[in-house]
Amino acid sequence: MTVPVFVDGAAGTTGLEIVARLEAHPHFEPVVLDDARRKDASARREALNEHPFAVLCLPDDAAREAVALVDPASATRIVDASSAHRVADGWTYGFPELIGRDAIAEASRVGNPGCYPTGFLALVAPLVRAGLLPADWPFTVNAVSGYSGGGKALIERFEEEPDIAFRAYGLDLSHKHLPEMQQHAGLDHGVLFAPSVVPAYRGMLVEVPLHLGAMATDPSADALRDELEAFYAGSPVVSVRSGETPAELLIHRDPDPDDGMAVAVFGNAGGWNARLVATLDNLGKGASGAAIQNLNLMAGFPETASLRLR
Ligand SMILES: NC(=O)C1=CN([C@@H]2O[C@H](COP(=O)(O)OP(=O)(O)OC[C@H]3O[C@@H](n4cnc5c(N)ncnc54)[C@H](OP(=O)(O)O)[C@@H]3O)[C@@H](O)[C@H]2O)C=CC1
Ligand SMILES: CC(=O)N[C@@H](CCC(=O)OP(=O)(O)O)C(=O)O
């Protein structure tokens with residue numbers, strides 16, 4: 001017998017990928033509303049209340065509206081892929097590697113992390129926790145994303161304007177991912193975040209450049225890498241790059257989906273500088289893969305069931 005999961009927003013970019021993973025899942029089955037009813041509040045209310053799990057793949061306002069449609073007495077457990085509940089009271093942040101698998105397994109409301117924060121937090125949170133990076137450091141994060149990160153609207157734009165080679169944005173320094181980056185890394189200050197988009201459909205690179213030698217903790221790049229290796233040891237989803245420094249890291253235009261994430265620490269010869277780099281699929285560990293990983297943990301199924309791990 002399979003467990004039904006209502007996917008609210010199943011016609012969107014993240015929703016379609018969640019449905020595909022649920023269709024291939026040995027223990028879950030997706031429930032979606034047809035085109036005529038998918039925005040109908042009463043049909044959504046019914047679906048949200050009558051299934052054991054619901055995943056919200058909606059803009060923030062619609063996600064808040066969906067949560068309001070759930071009867072407090074209903075047993076429905078929710079994973080919200082939007083940024084509406086990532087730092088909200090009563091919600092568990094859906095990053096099992098950082099928050100703990102048991103916390104996710106017990107949660108009834110899970111806020112799935114944003115794609116950029118997934119890379120940033122994977123790099124920085126374990127190192128701050130270990131005392132290797134100072135919590136009061138003024139962190140900077142530079143990131144490049146595939147255009148599916150902006151959902152249907154940005155996909156349409158990049159397909160209609162093929163001459164866009166690079167798009168820097170977030171220039172008002174108030175990107176919606178800032179609160180979750182600061183809170184879940186345990187930082188004293190907000191992060192200086194410089195996101196951008198390239199004409200590749202999916203994939204992203206999130207980088208935190210560090211002047212290690214200017215830190216009171218004065219950590220070495222090797223110490224940072226060792227800590228990340230220990231932290232992610234045994235993780236089926238997050239891997240730490242080791243060995244020779246590669247000459248380059250590439251985002252390809254049309255790669256297969258990937259629910260894994262690789263993190264790396266590159267240091268210079270004198271030990272003063274390091275570049276922490278995470279590579280992931282914005283639609284994989286950055287959204288849909290993470291939602292399935294969380295659902296697996298919540299339902300007591302194997303953590304990687306139906307994940308697309310390369
Ligand atoms: N794309 C990504 O890489 C990531 C996305 N997310 C988050 O996931 C959520 C979904 O994003 P994404 O899939 O990219 O966005 P899309 O715009 O591609 O999809 C959103 C879907 O929600 C539907 N929708 C909007 N309002 C309602 C409503 N009131 N009731 C029912 N359905 C509604 C839209 O309908 P219609 O088709 O008619 O427009 C659309 O199908 C967002 O909160 C986003 O921030 C999180 C991490 C990464
Ligand atoms: C390229 C692009 O536009 N990316 C999105 C973030 C995608 C993501 O992580 O989704 P949430 O919006 O749910 O946080 C942005 O910067 O708003």
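The first residue in the sequence is number 1, and the count goes up from there. Note that ligands are numbered from 1 as they come in the structure, with each ligand's atoms numbered from 1 the same way.
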N/O separation below 3.5 Å, [X] to ligand 2:
X: Gly286; value: no
X: Arg167; value: no
X: Tyr169; value: yes
X: Gly149; value: yes
X: His177; value: yes
X: Ser145; value: no

**Request:** Would you confirm whether any non-hydrogen atom of the protein falls under 4.0 Å from atom 44 (C) of ligand 1?
**Result:** no
Check each atom of ligand 1 against the heavy atoms of [X] and keep those under 4.0 Å away; list them by number with element.
X: Ala11; value: 41 (O)
X: Leu283; value: 1 (N), 2 (C), 3 (O)
X: Ala62; value: 26 (N), 27 (C), 28 (C), 29 (N)

What one should report as the nearest heavy-atom pair of Ala122 and Val263 is CB-CG1, 4.1 Å
Please work out whether the ring planes of Tyr116 and Tyr169 are parallel, tilted or perpendicular, with thresholds of 30° and 60°. tilted
Interatomic spacing from [atom1] in [X] to [atom2] in [Y] - rounded to 0.5 Å:
X: Tyr201; Y: Ile155; atom1: OH; atom2: CD1; answer: 3.5 Å
X: Leu224; Y: Glu229; atom1: CG; atom2: CD; answer: 11.5 Å
X: Leu228; Y: Ser235; atom1: CG; atom2: OG; answer: 12.0 Å

What is the nearest protein non-hydrogen atom to [atom], stated with its residue, atom name and distance?
atom: atom 17 (O) of ligand 2; result: His175 NE2, 3.6 Å
atom: atom 13 (O) of ligand 2; result: Arg86 NH2, 2.7 Å
atom: atom 20 (C) of ligand 1; result: Cys57 O, 3.7 Å
atom: atom 6 (N) of ligand 1; result: Ala81 O, 3.8 Å
atom: atom 12 (O) of ligand 2; result: Lys176 NZ, 2.5 Å
atom: atom 8 (C) of ligand 2; result: Cys115 SG, 3.2 Å
atom: atom 9 (C) of ligand 1; result: Leu58 O, 3.4 Å
atom: atom 47 (C) of ligand 1; result: Gly286 O, 3.2 Å
atom: atom 3 (O) of ligand 1; result: Asn282 ND2, 3.0 Å
atom: atom 41 (O) of ligand 1; result: Gly12 N, 3.2 Å
atom: atom 15 (O) of ligand 1; result: Gly151 CA, 3.9 Å

Hey, looking at [atom], which of [options] has the closest heavy atom?
atom: atom 1 (N) of ligand 1; options: Ala43, Pro59, Ser148; result: Ser148
atom: atom 11 (O) of ligand 1; options: Asp60, Thr14, Asp61, Thr13; result: Thr14
atom: atom 17 (O) of ligand 1; options: Lys152, Arg86, Met204; result: Lys152
atom: atom 31 (C) of ligand 1; options: Arg202, Arg37, Arg38, Lys176; result: Arg38
atom: atom 24 (N) of ligand 1; options: Glu17, Lys39, Glu156; result: Lys39

Near [X] [atom1], under 6.0 Å, is it more than 12 heavy atoms from other residues, nucleotides or ligands?
X: Asp89; atom1: CG; value: no
X: Arg109; atom1: CZ; value: yes
X: Arg253; atom1: CZ; value: no

Problem set entry | salt bridge (Lys or Arg N to Asp or Glu O under 4.0 Å) assessment of Asp256 paired with Arg308 | CA-CA 9 Å; Asp256 291 334; Arg308 298 173 173 191; over 6 Å; no
Paired with Arg86, the side-chain contact (heavy atoms from CB on, under 4.5 Å) test is passed by just one of Gln183, His177, Met181, namely His177
Go through it in stages, so that I can follow the logic: the residues are Phe266 and Leu276, the test is side-chain contact (heavy atoms from CB on, under 4.5 Å), and I'd like the CA-CA distance, side-chain angles, deciding distance and then a yes or no. CA-CA 6 Å; Phe266 304 118; Leu276 313 186; over 6 Å; no
- Face-on cation placement of Lys285 at Phe95 ring, 6.0 Å and 45° thresholds: yes
Which of His25, Glu23, Glu17 passes side chain to side chain donor-acceptor pair (under 3.5 Å) with Arg21? It is Glu17
Here the atoms of ligand 2 under 4.0 Å from any heavy atom belonging to Gly114 are 9 (O), 14 (O)
For Val197, the ligand 2 atoms with a heavy-atom partner under 4.0 Å come out as 1 (C)
TODO: Return yes when Ala81 approaches ligand 2 closer than 4.0 angstrom through a heavy atom, no otherwise.
DONE: yes
**Study point:** Centroid-centroid distance, Phe193 to Phe120, less than 6.0 Å
**Key:** no
Are the side chain of Asn49 and the backbone N or O of Leu69 linked by a donor-acceptor pair below 3.5 Å? yes
- Task: Would you indicate whether the side-chain heavy atoms of Trp137 and Leu210 approach each other to under 4.5 Å?
- Result: yes
What I'd like to find out is whether the side chain of Arg129 reaches to under 4.5 Å of the side chain of Leu98, using heavy atoms alone. yes
